[in-house]
There are 2 protein chains.
Amino acid sequence: MTERNERTARRGNRQDTRQKVFRAAVELIAEHGYAATTVDAIAERAGVAKGTVFYNFGSKEGLFEALLEHSINMLAEALSDADTGKSALDALDSVVLGQLRFFEEHGAFARVLLAEMWRTVWQEAVALLRQSALGVYASVLRRAAANGEIRADLDVETAATAVFGMVLTVAIERRALYPDRPLERTHATLVELLHGRIN
Amino acid sequence: MTERNERTARRGNRQDTRQKVFRAAVELIAEHGYAATTVDAIAERAGVAKGTVFYNFGSKEGLFEALLEHSINMLAEALSDADTGKSALDALDSVVLGQLRFFEEHGAFARVLLAEMWRTVWQEAVALLRQSALGVYASVLRRAAANGEIRADLDVETAATAVFGMVLTVAIERRALYPDRPLERTHATLVELLHGRIN
DNA sequence: ATCTTTGTACTGACTGGTCAGTTTAAAGAG
DNA sequence: CTCTTTAAACTGACCAGTCAGTACAAAGAT
């Protein structure tokens, strides 16, 4: 099964279709939510026949699962790439900026994440998110604790979730309310809130 | 007649009915989301006929709007009550704790908020949330800025959203993953993240 | 006291529409 | 030939909203 997918992927056609369907689905689900988005609408926006969606993804749920997995992996990669800096706290700043930038580019996915990731149906995707994207934050915070940059007894998992949720919320509000404000200003506010530079 | 008497005994007034429907709706929508929750299911869980829901709330949307407004007002009141402390930063801590406690008690509403508040359909509710609940955070932060407790040029609106989103995310994760951990530990982690006590 | 009316709350069977998923026949591409 | 896509019709389940009717308390009316 995997072999066949890889082979056909190299051929190009199938991958294009999947990409188009992905993009259409993300946009529509971001606008209306998963349950309120119809497969007919996705197919229409993707410029593809309805049957093609089922041929490629099996079901609406299968499509969304593939979508989540793909997007979460992209997000995790972006955060991981941003994880650089002299100190661990510098790295934290960079990862926050990386997350802001990612959601600046993939705002629809930000809304999908916020709206859908808590549903028990997508438990698998949540687990992936936790170990990949949230894992990057946890790793940075653990390093900071080891270096004595933050209190060693800080609850790393909770803190990682806190920072992630904070940035996610702000990124969505940014796009909705202040789309023209420079990203750096938003980033500076978060950094000030985050460690001591607040006063 | 026996049947009549039983009915009379079971019969409640309008407030009771609305209350029952409210509770059922919050629970179900928290579990499955607005779009995936059927009025039939709400009526069944409330122990009420389907028609009663429409009689009392006009439409599924009307029910949800009433629900959002009521819950947001309760949240805003809780945050407002928690807004006390010697310094503005102490007040910030208290409000964070107030929000954690509120969502500890109304966890279902926390998930509803996270999942639904960004949809354009509920724009009115979002506006209410912004001016009431988020307004409490903004007010605290403005006071802190005026007192020189934080940098005067901090972007108050963004910071308010950031803190609110942070606490909301953490509160949901807490209930899902660490329901038995003392609330104070979660609160301490957030406070450390929030101002300088991090190191 | 007993009957009649009125307003309010509630009921549940029913309707009209929507939507995921299927089927089919045909066609394009490697 | 096999894989992929298309268009269009179709099925069957599901669901928001409706409506005719019931239950009953309170307020006259006789």
Between [options], which nucleotide has the shortest distance from any of its atoms to the side chain of [X]?
{"X": "A49(B)", "options": "dT11(C), dA16(D), dT4(D)", "answer": "dT11(C)"}
{"X": "T38(A)", "options": "dG17(D), dC10(C), dC19(C)", "answer": "dC19(C)"}
{"X": "K50(B)", "options": "dC10(C), dC19(C), dG17(D)", "answer": "dG17(D)"}
{"X": "T17(B)", "options": "dG17(D), dC10(C), dA20(C)", "answer": "dC10(C)"}
{"X": "V48(B)", "options": "dT11(C), dA7(D), dA20(C)", "answer": "dT11(C)"}
{"X": "F54(A)", "options": "dT11(C), dT6(D), dA20(C)", "answer": "dA20(C)"}

Give the rounded distance in Å between these two atoms: [atom1] of [X] and [atom2] of [N].
{"X": "D40(B)", "N": "dT15(C)", "atom1": "CG", "atom2": "P", "answer": "16 Å"}
{"X": "Q19(B)", "N": "dA9(C)", "atom1": "CD", "atom2": "P", "answer": "16 Å"}
{"X": "D16(B)", "N": "dA9(C)", "atom1": "CG", "atom2": "C1'", "answer": "12 Å"}
{"X": "I42(B)", "N": "dA16(D)", "atom1": "CD1", "atom2": "C1'", "answer": "11 Å"}
{"X": "E44(A)", "N": "dA7(D)", "atom1": "CD", "atom2": "P", "answer": "11 Å"}
{"X": "K60(B)", "N": "dC15(D)", "atom1": "NZ", "atom2": "P", "answer": "9 Å"}
{"X": "H32(B)", "N": "dC14(D)", "atom1": "NE2", "atom2": "C1'", "answer": "15 Å"}
{"X": "R18(B)", "N": "dC10(C)", "atom1": "CZ", "atom2": "P", "answer": "10 Å"}

Y178(B) ring centre to R181(B) NZ or CZ under 6.0 Å, with the angle to the axis within 45°?
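Judged by the rule, R181(B) and Y178(B) form a cation-pi pair.
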
Face-on cation placement of K60(B) at F54(B) ring, 6.0 Å and 45° thresholds:
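Checked: cation-pi criterion not met.
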
Does dT5(D) have OP1 or OP2 sitting under 4.0 Å from an N or O in the side chain of N56(A)?
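Yes, because at least one side-chain N or O of N56(A) sits under 4.0 Å from OP1 or OP2 of dT5(D).
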
Using a cut-off of less than 4.0 Å, is there contact between a side-chain N or O of Y55(A) and OP1 or OP2 of dT5(D)?
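No, because none of the side-chain N or O atoms of Y55(A) sits under 4.0 Å from OP1 or OP2 of dT5(D).
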
Does Y34(A) or G51(A) map to a spot on DNA chain C nearer the 5' end, using the closest nucleotide for each?
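Counting from the 5' end, the first nearest nucleotide belongs to Y34(A).
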
Restricting to ring-ring contact (aromatic ring centres under 6.0 Å, His included), what partner residues turn up for F22(B), sequence neighbours left out?
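So F22(B) forms a ring-ring contact (aromatic ring centres under 6.0 Å, His included) with F57(B), H70(B).
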
Same apolar cluster: W118(A) and L28(B), side chain cutoff 4.5 Å:
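Looking at the clustering, L28(B) is in a separate group from W118(A).
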
Using a cut-off of 4.0 Å on non-hydrogen atoms, how would the nucleic acid contact of T52(B) be classed: base, sugar-phosphate, or nothing?
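Here T52(B) touches the bases of the nucleic acid.
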
Consider side chain to side chain contact (heavy atoms under 4.5 Å, CB included). Of V170(B), V167(B), V136(B), which one does Q99(B) pass it with?
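Of the listed residues V170(B), V167(B), V136(B), the side chain to side chain contact (heavy atoms under 4.5 Å, CB included) partner of Q99(B) is V167(B).
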
